[in-house]
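Every chain is numbered from 1, with letters handed out A, B, ... down the list of sequences. All heavy atoms count here, side chains included; hydrogens, waters and symmetry mates do not.
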Amino acid sequence: MAIDKKMKILIVDDFSTMRRIIKNLLRDLGFTNTEEADDGTTALPMLQTGKFDFLVTDWNMPGMQGIDLLKHVRADEKLSSMPVLMVTAEQKREQIVEAAQAGVNGYIVKPFTAQTLKEKLDKIFERIEG
Amino acid sequence: MEQQQNLLSTENIAKVKNLLASMEAGDLEKSQECFDELAEMRESELYQEIGKLTRELHDSINTFGLDDRLTDIAEDEIPDARQRLAHVITMTDEAANNTLTAVEESMPLCEQVISVTRSVENEWQRFSNRELNVDEFKKLSKELKSYFEINSSSAIKINEHLNNVLMAQGFQDLTSQIIKRVISLVEEVEISMVSIIQLAGSRPNSNKETKDKENSKLEGPVIPGLEASGTVSGQDEVDDLLSSLGF
């Protein structure tokens, strides 16, 4: 199965350090085509341009939070099928359930490892392919 | 004002007239009686006023909701904040140590690559100048083989160390989230202290906005040793939970 490593990925997190970490890890995995946004409010218009294939988002952000961004994506006809991976410090069961119900494709809790990111991405692509 | 009006009421004037009349008549007993009556009236007014003040004070303390909130802060949230900040120290400490370890382990690898490169470079130069005999060439050939091995294994290790440095920076996001929460607690304590000062200094406005601290539903990072109900303890539990939901 061929994962298109050229796919365009949007990384949304309010901390630039975390965005850089995710960006570098993705690059290490071969995904070099990434862009960044610092919260849902800036991310949504970027996504709506239709340039992106994949979304990695934090939950707790000023402005629009990750969960609301996810809901907007799922409600948008053009974006609704976009895979969304959540990378967050939120570890409440009810929140994980909420994200799952909102249609998240993967959920990673911080702090995480490069291996975890790889596994979750692989799993998401596996499901999309299959 | 109201009190002054009461003081000048016809009833009071009558009482004072009575007192004056009995004094002028030399009736000691009657005078005493009238005098007591006036004094008593004055006292009961004072008690009423104190009662009113007490009730107002009580009401305003209640509407403040300060006492409960402050108890919470003192009993739970300050120790909680202390633990959170201690966790920040642990995380920054770990990040610094992981970074230092990665750097310390990378440096000798770089030095090794540099020194092996230099020695091979010299021999290679001699080879290019056709200065090597067959035995020396065989030796160089062996050296080149180990040079490639050292180079690639060092690069792989250095890459690993660099990844560790990268991952170590995750502390910045997590510690900031923790520190922000503590800052908002400090702000709340400050606001409560100001309210107490106002309460002590003057009568508070009865409907002083009680700051409903956004006990936001987002909890941020789980702090080891702090009870956090309904949370998962790591990625494995997240995965279990999600797979139980059909993921």
Side chain A:Glu94, main chain B:Gly230, donor-acceptor under 3.5 Å: no
Can you say whether A:Arg20 sits under 4.5 Å from chain B via the side chain, the backbone, both, or neither, judging by heavy atoms? backbone
Taking every non-hydrogen atom, the tightest pair across B:Leu242 and A:Ala100: CD2-CB, 3.8 Å
Mind checking the CG-CD spacing from B:Leu218 to A:Gln65? Nearest 0.5 Å is all I need. 4.5 Å
When rounded to the nearest 0.5 angstrom, what is the spacing between NZ in A:Lys110 and CZ in B:Phe171? 13.5 Å
With chain B, the option among A:Ile22, A:Asp13, A:Leu25, A:Thr88 that has the most non-hydrogen atom pairs under 4.5 Å is A:Leu25
Atom of A:Val109, atom of B:Gln235 and distance for their closest heavy-atom approach: N-OE1, 2.8 Å
Given side chains that start at C-beta, do those of B:Asp239 and A:Lys120 come closer than 4.5 Å, heavy atoms only? yes
Option passing side chain to side chain donor-acceptor pair (under 3.5 Å) with B:Asn163 (candidates A:Thr113, A:Asp28, A:Asn24): A:Asp28
If you tally heavy-atom pairs under 4.5 Å against chain A, which of B:Leu166, B:Leu245, B:Asp173, B:Asn159 wins? B:Asp173
Where A:Lys92 and B:Ser229 come nearest, the two heavy atoms and their spacing: CE-O, 3.5 Å
Answer yes or no: are there more than 12 heavy-atom neighbours, outside B:Met107 itself, under 6.0 Å from its atom CE? no
Does A:Glu90 reach the main-chain N or O of B:Gly220 with its side chain, forming a donor-acceptor pair under 3.5 Å? yes
I need the minimum non-hydrogen distance between B:Gln177 and A:Phe15, along with the two atoms involved. CG-CE1, 4.1 Å
Counting only heavy atoms not in A:Lys8 (residues, nucleotides, ligands), do more than 12 fall under 6.0 Å from its NZ? yes
Would you kindly say whether A:Thr17 and B:Gln172 are connected by a side-chain donor-acceptor distance under 3.5 Å? yes
Counting only non-hydrogen atoms closer than 4.5 Å, does B:Ser244 touch chain A with its backbone (N, CA, C, O), its side chain (CB onward), both, or neither? neither
Less than 4.5 Å apart, side chain to side chain, heavy atoms only: is that true for B:Thr231 and A:Arg93? no
